[in-house]
Every structure is written in structure tokens, then in C-alpha cells.
Enquirer: 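Below are the C-alpha cells for one structure; questions will follow.
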Amino acid sequence: MLNDVARALRRIESGLLVALLLAMIGVAVYQVAARNLFGTSLTWGDGMVRVALLWVTMIGAMAAGPAGHIRVDVVNRFASERVARRLARVTNLFTAILCFALGWYSMTLIAWDYADGTPGFGPVPAWICELVIPVASGVMGLRYLIASFQRSRQGGPETRP
Amino acid sequence: MIAALAIGIVALALLGAPLFAVVMAAAMLGFFAAGVDLAVIPIELYRIADTPLLVALPFFTFAGYVMVAAKTSERLMNLTRALFGWMPSGLPIVGFVACAIFTALTGASGVTIVAVGALLLPMLTANGYSERYSLGLVTTSGSLGLLIVPSVPLILYGIVAQQMEVGEPFTIQQLFLAGLLPALLMILMLSGWTALRHGGAPSTPFEWPALREAVKAARWELPLPFFVLGGIYSGLFAISEAAAMTALYVLVAEVFLYKEVAIKRLAGIVRESMVMVGSIILILGVALAFTNFLVDAEVPQHLFEFVQASISSPLTFLILLNIILLILGAVLDVYAAVIIMVPLLLPVAVGYGIHPVHLGIIFLANLQIGYFTPPIGMNLFIASYRFERPVLELYAACLPFMGVLLIALLLITYVPALSLWFL
């Protein structure tokens, strides 16, 4: 059951990342072509690409999973298996708390921008652009919380790609 | 209480907590102590969507990952071999050049060791170079090229430094130009040292047919550097747009022209590359908040006064800077090091009269060496894993290369003209 949810979530993440990146490439290239060929470009184009970058960042960070984030890998590399696992529990719990805090305060920001009607890009208001922050940080917080209960050693892969 | 929490955060960082969480905790603690509403953190994070240059990162990174998935490294090796293989000690020179170009294209993520190094190592040993020398070459060259356009760490340094608005204003184009001579110097010194030490014979005679063959094989990739750089320097497109064109071009070339990357694999490649981009930019986003707190609290200014109280000459400062950065480069990922340390060090360096562009080159040249500095430079572990050798053997293999590159580093640090000749 939990595995099904995890798999579905993984597919949604990948789908969103592909869609966002392709849209960013498409719009950015269109902007260059249109500006140099027709002398005009989409007024909302650049804004859309930049907001898409925020979404790619948050969803990419979420897709990285608890083990995939950049960290100082000094103690962990030389620690014994048992010590490393205990450390992972502590650091994962710490990270979960911070993710939840980010989610919480981003809700405040969204409420403010909703009330003020702050513009985002084109016709889209800022609060919609910001929605990705609480959603992604909430999911990240949950994943780190779950990881803090699991018996796993922290630390990413040896090479990144 | 605040001090105890701050110490706790530093301890968690050393124990391996993700850096985005560490930096965010530090920012929250700072703003909390200053009585600022913590909604400032997401507000600063949202500035990611306000920094046009940042858009270049996902595009270049994605293009790099697609090239890793294709056989670009093989074509690059063949081409550099046809071009430089005839020189004395030709094969190592081919190795340096190919590694530098591949790292510039893909970022210093260790992938060069896997993609180019794995092709290079058996060739080197087959041509009579000692095992130790060959291992040292592929391990240390995995981060060579950090200074060559369009290296992502270079762009990232530009973004972070420009945010600070201290010292002489500069453009990313200037930063790109500044990296060229120092990178060339490193390659030349490594090649010269190799030729002196090994008196190496040429590996392959120069032959037009071989070159023609290699150029023909690389025909879809060869136009890329010209059209990207041409676009940027002619002003036809901005850097983020050049990055988008690169991503599209590479995608079309590898998927439809070379047909080496199946469409089915693209989702995985997008995911992998965007995970990397996401984890870097998330740290940047929370670091923007932290930097703001630091500037409000006048920390860089106090740091400068503190440093200047004991160090009066820029020369001494630069030596100290080199030592600090070498250690940092060994411990921290290059992206994290740039994001976290530049806001602290740039104002101090500017106080000593160092140009921000020059500092950027010094910074990355140090981090490049830090990548294979014992005991924990990342390249050492990647090479150990990939080539199945004990890390201790690699420490020894890398030392002579490190010596040569340290001399290059000193030249780069103390001869600013190498980086700033065009200003």
C-alpha cells in the first residue's frame, strides 16, 4: 500500500519534471526566435520560465529523496555501520522538522499574497506560483520523518549522475 | 541559548545533515533572534523565480546529462586524439584536453572520471605509462575544466557574487573569458611536466584521414560551442537563452541525429538531472535568506575587520584564502562551497582590493584541487569505486599532479593579469 503510494508519487514527480523542463526549453527558445525574427516575444514568457524554475527546484529537491541531498560526508564516511545509522536518524529528524517549518511559513506567505492579489506572471497570481513550496516541503518532511524511523544509513551515491 | 543552538546546527552539519536544512536552520535562527517574521524564508526562496540567470542551470545540466548518456565522450576522445596525439607525450595531453572539455560541459560531478577516465585508463597503460601515473591522471583530471565556459560552477559563482553587489560590477561573459587562460595554464603545465618526466613518445602519428573521420563522427556536436559562444558574445541571446538553445540542440542531436539516447530513457535523464539542479538551487534559495541575515547583521563587515586586525597584506590574505579553500574543496561539494562561502569571503576579499572576477577564478581553481585532496576529496572515492583500487593507492598517485596544479594555483592567485588581462 505504502509502496504503491511511493511509486505513484515517483511517477507524478517524473512526469511533472519532464513537462516543466520541456515547457521551459520550448518557451525560452521561442522567445529568442520570436525576438530576433519578428521583433516581439511573449510578455509572460520570461516570467513563466522563471516560475517554472522554482517548481523544477522544489520538485527536483523532493524527488532527490532523503539520501540524495548534498551534505558534508566526513563523519559518515568513517563511522561504523551502527553509528552511521544512529546519526542518520538524528539528522533525518532534524531535516523533517525544518521541512515542516518551511511548509508552515510558506502558507503564511501564500495567505498574504492571496489577500493582496500579488501578480505572478501573466494572468497567474503569485499565490498559485508559490503553492509548490508547501506541497514539496510537506512531502519532503514526511519522507525524512519516515526515514528517521527506518534503519538506514545516510549518504548519497558515490557519483551523482 | 541562541549560541547553543548555533553550535548545535554546526554540529549537525558536520554529522551529515543535508546542507539545505543546515543553512535554512541557520537563517531561521538568525531571523528569529533578530525578531523578524520567519515568512521571510519562503519570501527569499521565491527570489529563485526572480533571477533570470539561474534559468541557465537546468538547461546546461540537462544538456550535460544527455551527452553523458550518449557516446559523446568517445567522440571527444577520438577527436582530441586525432588533433593532439602526435605531440610528445601525446596521449596524456589528449587526456587532459578531453577531460577538461567534458568537465566543462557536464559540471564537476565526477562523471568525467566515469565517462572519459574509463576510456583513457586502459589506453594509457597500453601505451606504456605506469599504472600509478595513469590512475593519477584520470583521478585528478576529473575536475580539470571547472574554469572553462559553460561550466555550471562558474555561472553559479557569477550569480552568487552579483547578488552581493560589492566590488567592481562584472558580467558573466567576463567571468567566462577570465577562466580561459588559467585553465590553459593548468593543461600546459601538466603536459609540460609529463613530457619532461616521461619524455613520452607520440602515441599516434598525425594523419589527415583519422582527423577527417573523427570530425565527421562529431559533426553534430562540433557546431555547439561555436554557436553557443557566438550567440552569447554577439548579443543575439542572453546566457539563459543560450542555455535553452544548447539543451534543445543537444536533445535533437543525441536523440534524433545520433539516435544514441532512446526517447524512453529521457524521463529518467530529466529526473536525474533535475534532482541535481533542485538540490543545488534549493540550497541557493535558503542561502539567499541566510546571506540577507548576515548582511543585515553586518557579519561580512565584522569578519573583514577581524581578519584585517591580524592580516594587513593582501598577499598573506591570499595564502590564507588558498589554504581555507583547499580544505573546503575537499569537504564540500563545489556547488555548496560556492553558495555558502562566497557571500562570506567576497566582501573580505574586496576589502583587500581583489577583483570579484579574479576571486572567482581563485575560488574555483582551489575547489578543483580540493576535489582530489586526501583524505576525502570526492574524485578519490569515485576513482576508487570505478577502477576498484584502494583509496590509499590513489592518494599516492594524485600527489605529483597535485604538486603541479598547486604551482599553477599560486601563479593564478598571484598574477591577477592571467584572469583579468582583458579588463
Enquirer: For A:Met107, I'd like to know if atom CE has over 12 heavy atoms of other residues, nucleotides or ligands within 6.0 Å.
Expert: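 Not buried by this count: 12 neighbours or fewer within 6.0 Å.
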Enquirer: Could you state the interatomic distance from OH (B:Tyr65) to CZ (B:Arg265), rounded to the nearest 0.5 Å?
Expert: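 Atom-to-atom, B:Tyr65:OH and B:Arg265:CZ are 13.5 Å apart.
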Enquirer: Charged N to carboxylate O below 4.0 Å: is that the case for B:Glu254 and B:Lys71?
Expert: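 No, B:Glu254 and B:Lys71 are not salt-bridged.
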Enquirer: Using distance alone, with no hydrogens and no angle criterion, decide if A:Thr118 and A:Asp113 have a side-chain donor and acceptor under 3.5 Å apart.
Expert: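 Yes, side-chain donor-acceptor contact under 3.5 Å.
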Enquirer: Could you tell me which portion of A:Ile25 (side chain, backbone, both or neither) has an atom closer than 4.5 angstrom to a non-hydrogen atom of chain B?
Expert: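 Both the backbone and the side chain of A:Ile25 come within 4.5 Å of chain B.
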Enquirer: Find the one option among B:Pro52, B:Gly285, B:Ser273, B:Ala242 whose heavy-atom pairs under 4.5 Å with chain A are most numerous.
Expert: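 That would be B:Pro52.
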Enquirer: Contact part of A:Asp46 toward chain B, heavy-atom cut-off under 4.5 Å: side chain, backbone, both or neither?
Expert: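 Neither the backbone nor the side chain of A:Asp46 comes within 4.5 Å of chain B.
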Enquirer: Do A:Leu93 and A:Tyr144 come close enough that some side-chain heavy atom pair is under 4.5 Å?
Expert: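 A:Leu93 does not reach A:Tyr144 side chain to side chain.
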Enquirer: Among A:Leu102, A:Val27, A:Val51, A:Ile133, which residue has the highest count of heavy-atom pairs closer than 4.5 Å to chain B?
Expert: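 Option with the greatest count: A:Leu102.
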Enquirer: Need one label for B:Ala13: side chain, backbone, both or neither, based on atoms under 4.5 Å from any heavy atom in chain A.
Expert: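 For B:Ala13, backbone heavy atoms alone lie under 4.5 Å from chain A.
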Enquirer: For A:Thr108, is it the side chain, the backbone, both or neither that has a heavy atom under 4.5 Å from a heavy atom of chain B?
Expert: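 A:Thr108 touches chain B through side-chain heavy atoms alone.
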Enquirer: How long is the gap from CG on A:Leu16 to CE on A:Met62, to the nearest 0.5 Å?
Expert: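 The distance works out to 7.5 Å.
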Enquirer: Using non-hydrogen atoms and a 4.5 Å limit, figure out which bit of B:Leu45 sits close to chain A: side chain, backbone, both or neither.
Expert: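 Both backbone and side chain.
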Enquirer: Go through the atoms of A:Met48 and report whether side chain, backbone, both or neither lie under 4.5 Å from a heavy atom of chain B.
Expert: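 Answer is neither: A:Met48 stays 4.5 Å or more from chain B.
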Enquirer: Sort A:Phe121 into side chain, backbone, both or neither according to what part of it lies under 4.5 angstrom from a heavy atom of chain B.
Expert: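 Neither part.
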Enquirer: Could you measure the distance from the CD1 atom of B:Ile48 to the CG atom of B:Leu284? Nearest 0.5 Å is fine.
Expert: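 With rounding to 0.5 Å, CD1 (B:Ile48) is 6.5 Å from CG (B:Leu284).
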Enquirer: Quick one: of B:Ala115, B:Ser384, B:Ala336, B:Ala244, who has the most non-hydrogen atom pairs under 4.5 Å with chain A?
Expert: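 Max contact count across the listed options: B:Ala244.
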Enquirer: Would you say that B:Tyr335 contacts B:Pro153 through its side chain, given a criterion of any heavy-atom pair below 4.5 Å between the two side chains?
Expert: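 B:Tyr335 vs B:Pro153: side chains touch.
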Enquirer: Given that the side chain runs from C-beta out, which part of A:Ala101 has a heavy atom under 4.5 Å from chain B: side chain, backbone, both or neither?
Expert: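 Both parts, backbone and side chain.
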Enquirer: Of all of B:Ile41, B:Leu332, B:Val277, B:Leu54, which one pairs up most often with chain A through heavy atoms under 4.5 Å apart?
Expert: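 Going by pairs under 4.5 Å, I would pick B:Leu54.
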Enquirer: Does A:Arg143 come within less than 4.0 Å of A:Glu13, counting only side-chain N to carboxylate O?
Expert: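 Looking at A:Arg143 and A:Glu13, the cut-off is met.
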Enquirer: Taking side chain as everything from C-beta outward and backbone as N, CA, C, O, which of these in B:Phe59 sits under 4.5 Å from a heavy atom of chain A? Side chain, backbone, both or neither.
Expert: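 For B:Phe59, side-chain heavy atoms alone lie under 4.5 Å from chain A.
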Enquirer: Which class fits the ring pair A:His69 and B:Phe20: parallel under 30°, tilted 30 to 60°, perpendicular over 60°?
Expert: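 If you compare the ring of A:His69 with that of B:Phe20, the planes turn out tilted.
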Enquirer: Going from CD1 on A:Ile110 to CD1 on A:Ile128, what distance comes out if it is rounded to the nearest 0.5 angstrom?
Expert: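 Answer rounded to 0.5 Å: 10.0 Å.
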Enquirer: For chain B, which of A:Leu54, A:Leu53, A:Leu17 has the most heavy-atom pairs under 4.5 Å?
Expert: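 When all of A:Leu54, A:Leu53, A:Leu17 are compared, A:Leu53 has the most.
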Enquirer: Does any heavy atom of chain A fall under 4.5 Å from the side chain of B:Ile43, the backbone, both, or neither of them?
Expert: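 For B:Ile43, the contact with chain A is made by backbone and side chain together.
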Enquirer: What part of A:Trp55 gets within 4.5 angstrom of chain B, counting heavy atoms only: side chain, backbone, both, or neither?
Expert: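 Answer is neither: A:Trp55 stays 4.5 Å or more from chain B.
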Enquirer: For chain B, which candidate among A:Val18, A:Leu21, A:Leu20 shows the most heavy-atom pairs at distances under 4.5 Å?
Expert: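 Ranked by heavy-atom pairs under 4.5 Å with chain B, first place is A:Leu21.
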Enquirer: Sort A:Arg11 into side chain, backbone, both or neither according to what part of it lies under 4.5 angstrom from a heavy atom of chain B.
Expert: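 Neither part; nothing is under 4.5 Å.
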